[in-house]
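For reference, the structure discussed in these notes is given below.
Please read these numbers as outputs of a predicted model, since none were measured by experiment.
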Amino acid sequence: PDFKNVKKFYLNITSQMTEHLRSNLVHADLAHLMILNHNDLPVFIDFSQSTTKDSLRAREYLERDLKNVNNFFKKIGLKEKELKTVEDLL
């Protein structure tokens, strides 16, 4: 990873996910490859699969997005107890 503080970068990602939900949006294809680093701030890319949060499969997509992000951050050192759940984002 090319960011200085793993936990802070992760929290910025989950905060952005919450902001997107407030804007009625679920990325639906989020993984570490879809997150760029700009001055230690995450930038999501490729929203071509995104959907509204009230679509039938939005919860499933949100869970998958968060699982992908959580799995990556576990691999690089975050502890299970530091990871967010879908309920934390809602």
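The heavy-atom pair separating V26 from A58 by the smallest distance is CG1-O, 4.0 Å. Scanning both residues, A28 and S50, for their nearest heavy atoms gives CB-CA, 4.2 Å. When all heavy atoms of D54 and T52 are compared, the pair lying nearest together is OD1-OG1, 2.7 Å. Contact detail for P42 and F9: the closest heavy-atom pair is N-CE1, 3.5 Å. Closest approach of D29 to M34, counting heavy atoms only: O-CG, 3.3 Å. Listed here is the closest heavy atom pair of N12 and D40: ND2-O, 4.2 Å.
Residues passing the side chain to side chain contact (heavy atoms under 4.5 Å, CB included) test with K75, sequence neighbours excluded: none. Taking the salt bridge (charged side-chain N to carboxylate O under 4.0 Å, His left out) definition, one finds that R57 meets it with E60, sequence neighbours left out. With sequence neighbours excluded, the residues that form a side chain to side chain contact (heavy atoms under 4.5 Å, CB included) with V86 are R59, L62, E63, L66, L90.
The residues E19 and R22 are annotated as salt-bridged, a charged nitrogen and a carboxylate oxygen being separated by less than 4.0 angstrom.
The CG atom of L83 sits 6.5 Å away from atom NZ of K74, with the distance rounded to the nearest 0.5 Å. For the atom pair I35 CD1 and I45 CD1, the distance stands at 9.0 Å (nearest 0.5 Å). N70 CG to E80 CD: the interatomic distance, rounded to the nearest 0.5 Å, is 7.5 Å. Between atom NZ of residue K84 and atom CG of residue L11 there is a gap of 5.5 Å, rounded to the nearest 0.5 Å. Rounding to the nearest 0.5 Å places CD1 of I13 at 10.5 Å from NE2 of H32. Here CD of Q16 is found 12.0 Å from CG of L89. Values are rounded to the nearest 0.5 Å.
Aromatic ring centres of H20 and F44: separated by under 6.0 Å.
Connection of I76 to V69 is established within a shared hydrophobic cluster, with ILVMFWY side chains joined at heavy-atom distances below 4.5 Å, either directly or through further cluster members. L33 and L41 are members of different hydrophobic clusters when ILVMFWY side chains are connected at heavy-atom separations under 4.5 Å.
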Take V6 and L78, measure what side chain to side chain contact (heavy atoms under 4.5 Å, CB included) needs, and give me the verdict at the end. CA-CA 8 Å; V6 172; L78 277 190; 4.0 Å; yes
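For the pair K53 (side chain) and L21 (backbone), a donor-acceptor distance under 3.5 Å is present. Judged by distance alone, the side chain of N71 and the main-chain N or O of N68 form no donor-acceptor pair under 3.5 Å.
Ring planes of H27 and F47: tilted class, angle from 30 to 60°.
Remark: the N5 side chain and the Y10 side chain contain no N/O donor-acceptor pair separated by less than 3.5 Å.
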